[in-house]
Protein chains: 2
Amino acid sequence: MRLTTKGRYAVTAMLDLALHAKQGPVSLADISARQEISLSYLEQLFAKLRRNELVQSVRGPGGGYRLGAEAAQIVVAQIIDAVNESIDATSCGGEGNCQDGQICLTHHLWCDLSKQIHQFLSGISLADLVARQDVVAVAKRQDDLQALDLIEASAV
Amino acid sequence: MRLTTKGRYAVTAMLDLALHAKQGPVSLADISARQEISLSYLEQLFAKLRRNELVQSVRGPGGGYRLGAEAAQIVVAQIIDAVNESIDATSCGGEGNCQDGQICLTHHLWCDLSKQIHQFLSGISLADLVARQDVVAVAKRQDDLQALDLIEASAV
DNA sequence: TATAAGACCTAGTAATACAGTAGGATATTG
DNA sequence: CAATATCCTACTGTATTACTAGGTCTTATA
């Protein structure tokens with residue numbers, strides 16, 4: 001099991017998408033600026049998200065990405081899965097052949113843990129996150145900062 | 001956050017220790033044979049477990065390791081922590097300075113997840129595992145197989 | 001008292017994945 | 001045509017994992 005910057009980036013980017021959905025397609029450049037994630041790395045993550053139909057792309061100027069489904073239908077567990085960060089805590093992938101074709105001493109423990117985490121992350125949709133007070137506050141901070149940066153950039 | 005073979009090995013070895021506690025100190029060679037874990041790797045893991053006082057060592061022939069506390073007092077979360085596999089899912093270590101000194105968009109989500117996992121793994125002691133039916137069954141299988149291997153080895 | 005069983009310690013290594021960079025091709029708007 | 005943006009592939013430094021190899025120190029026992 002692994003949960004690193006990769007999975008966190010993917011969820012963060014998807015949440016950013018959900019937050020700015022009403023303004024039409026969101027470009028990766030915008031997400032990159034707001035969330036401080038390398039643009040090229042984002043591109044690689046979004047390739048996987050697109051293959052998993054979690055986002056739709058719009059090419060050309062003014063283009064970007066849209067959510068592939070309603071925010072309420074997209075759940076954190078799916079996003080992490082999509083970028084290949086397995087939530088599974090077992091070594092056997094849940095198959096139960098961890099020791100010579102049979103289960104190892106701690107097989108059920110890791111199965112239970114996997115189930116626990118999966119249930120938790122499956123219970124949280126993008127819509128849930130968008131509705132959270134702390135998320136709204138951070139999003140506002142980021143939007144304000146980006147607006148400020150744009151003004152400064154145009155002044156130069 | 002990471003949960004790999006390393007943490008699983010540590011928990012498995014500790015559980016093996018708890019299961020064979022009544023027969024006096026348990027040698028790493030025995031654990032290595034039963035759980036199919038490289039002896040030298042086990043030594044490295046047990047160095048950390050000893051530093052965290054989760055086990056006590058007995059040197060010399062007939063020596064090995066004993067639990068550092070009652071099985072009911074040792075909890076899975078401690079073991080994983082001891083071998084440096086952080087259960088924390090945040091990038092900031094829970095400090096909340098993930099984006100320019102302030103929290104990032106998904107900070108609370110990862111905090112909640114970390115808490116969730118920690119609670120789960122803190123609620124399971126070695127005594128709990130020893131009492132589980134599936135654990136007892138696997139332990140018996142491993143003990144029988146090891147006994148058989150010893151007979152075969154002496155026959156050669 | 002010599003031997004062997006075991007803990008204890010350090011260094012090194014192949015494989016893997018992460019996080020990021022670089023450079024370009026393709027599509028679309030104006 | 002030019003600019004914007006997605007799309008695609010290849011490469012790279014770094015860190016960690018899981019493991020091997022060698023050795024030292026301690027102690028029960030024959």
Side-chain angles (χ1 to χ4, degrees), chain A residues 1-13 17 20 23-33 35-68 80 83-86 89 91 98 104 150, chain B residues 1-13 17 20 23-33 35-68 80 83-86 89 91 98 150 153:
Chain A
M1 188 178 61
R2 228 176 294 119
L3 182 57
T4 65
T5 306
K6 193 176 179 182
R8 281 194 296 264
Y9 277 177
V11 174
T12 301
L17 242 184
H20 300 86
Q23 301 145 38
V26 181
S27 75
L28 293 189
D30 279 358
I31 300 180
S32 170
Q35 307 306 330
E36 301 180 1
I37 304 173
S38 139
L39 174 60
S40 201
Y41 196 43
L42 267 182
E43 285 176 348
Q44 292 167 51
L45 297 181
F46 270 73
K48 294 183 176 182
L49 295 173
R50 196 170 61 89
R51 258 175 261 139
N52 283 266
E53 298 180 355
L54 293 178
V55 296
Q56 287 176 348
S57 67
V58 181
R59 301 185 70 161
Y65 287 92
R66 253 195 278 267
L67 290 182
I80 296 177
V83 294
N84 295 345
E85 291 216 306
S86 169
S91 61
C98 8
C104 68
L150 284 175
Chain B
M1 187 178 63
R2 226 176 294 119
L3 182 57
T4 64
T5 306
K6 193 175 178 182
R8 280 194 295 264
Y9 276 177
V11 175
T12 302
L17 241 184
H20 299 87
Q23 301 146 39
V26 181
S27 74
L28 292 189
D30 278 358
I31 299 180
S32 169
Q35 306 306 330
E36 300 180 1
I37 304 173
S38 139
L39 176 59
S40 201
Y41 196 44
L42 266 182
E43 286 177 346
Q44 292 167 52
L45 296 181
F46 270 74
K48 294 183 176 182
L49 295 174
R50 197 170 60 89
R51 258 175 260 140
N52 283 267
E53 298 181 355
L54 292 178
V55 296
Q56 288 175 349
S57 67
V58 181
R59 301 184 71 159
Y65 287 91
R66 253 194 278 267
L67 291 182
I80 295 176
V83 294
N84 295 345
E85 293 217 306
S86 170
S91 60
C98 8
L150 285 175

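Here the structure is a predicted model, which means the values were calculated and not measured. Here is how names work: the chains are called A, B, and so on, in the same order as the sequence lines, proteins then strands, and each is numbered from 1.
The shortest heavy-atom contact between C104(A) and C98(A) is N-SG, 3.4 Å. Residues G64(A) and P25(A) share a closest heavy-atom pair of N-CB, 3.8 Å. Shortest non-hydrogen contact noted between E85(B) and G7(B) is OE1-N, 3.0 Å. Looking at every heavy atom in both residues, K6(B) comes nearest to L45(B) through CG-CD2, 3.9 Å.
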Pairs: protein N or O with nucleotides 21-27 of chain C N or O, under 3.5 Å:
from	atom 1	to	atom 2	distance (Å)
dT21(C)	O4	Q44(A)	NE2	2.7
dA22(C)	N6	S40(A)	OG	3.1
dT26(C)	O2	R59(A)	NH2	2.6
dA27(C)	O4'	R59(A)	NH2	3.4

Which protein N or O atoms sit under 3.5 Å from an N or O of nucleotides 13-16 of chain D?
none

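Screening residues 35-50 of chain A for side-chain hydrogen bond (donor to acceptor under 3.5 Å, both in side chains), with sequence neighbours left out, gives D16(A)-Q35(A), Q35(A)-Q142(A).
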Checking V58(A) against R66(A) for the side-chain contact (heavy atoms from CB on, under 4.5 Å) test, could you report, in this order, the C-alpha distance in whole Å, the side-chain angles of both residues, the deciding distance, and whether it holds?
CA-CA 8 Å; V58(A) 181; R66(A) 253 195 278 267; 3.7 Å; yes

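The line from CZ of F46(A) to CG of N52(A) is 12.5 Å long, rounded to the nearest 0.5 Å.
With I31(A) as the partner, the side chain to side chain contact (heavy atoms under 4.5 Å, CB included) test is satisfied by one option alone out of L42(A), L39(A), T12(A): L42(A).
Residue contacts shown for Y9(B) are limited to sugar-phosphate atoms, with no base heavy atom under 4.0 Å away.
Rounded to whole angstrom, the span from the CZ atom of R51(A) across to the P atom of dT6(D) amounts to 16 Å. Atom pair Q56(B):CD and dG6(C):P shows a separation of 19 Å (rounding to whole Å applied). If you take CG of L28(A) and P of dG20(C), they are 15 Å apart, rounded to a whole angstrom. In this structure, M1(B) places its CE atom 16 Å from C1' of dC18(C), rounding to the nearest Å. Between F46(A) atom CZ and dT6(D) atom P there is a gap of 9 Å when expressed in whole angstrom units. The interatomic distance linking R66(B) (CZ) with dG6(C) (C1') rounds to 14 Å, in whole Å. Distance, L45(A) CG to dA17(C) C1': 14 Å, rounded to whole Å. Counting to the nearest Å, the C1' atom of dA17(C) and the CG atom of N84(A) are 11 Å from each other.
In this structure, T4(A) reaches the dA19(C) phosphate: one of its side-chain N or O atoms is under 4.0 Å from OP1 or OP2. Contact annotation: Y65(B) side-chain N/O to dG6(C) OP1/OP2 distance is not under 4.0 Å. Considering only side-chain N and O atoms, T5(B) lies under 4.0 angstrom from the phosphate OP1 or OP2 of dA18(D).
For the pair V11(B) and R8(B), the minimum side-chain heavy-atom distance is 4.5 Å or more.
Heavy-atom distances to DNA chain D give each of R50(A) and G62(A) a nearest nucleotide, and the one nearer the 5′ end belongs to G62(A).
Taking the C1' atoms of five terminal pairs at each end of the helix from dT1(C)-dA30(D) to dG30(C)-dC1(D), the two resulting helix axes are inclined by 10°, rounded to 10°.
In this structure a side-chain-to-backbone donor-acceptor pair under 3.5 Å is missing from Q56(A) to Y65(A).
For A89(A), the side chain to side chain contact (heavy atoms under 4.5 Å, CB included) test picks out M1(A), W110(A), L113(A), S114(A), L3(B), with sequence neighbours left out. Not counting sequence neighbours, the partners of S86(B) by the side chain to side chain contact (heavy atoms under 4.5 Å, CB included) test are D88(B).
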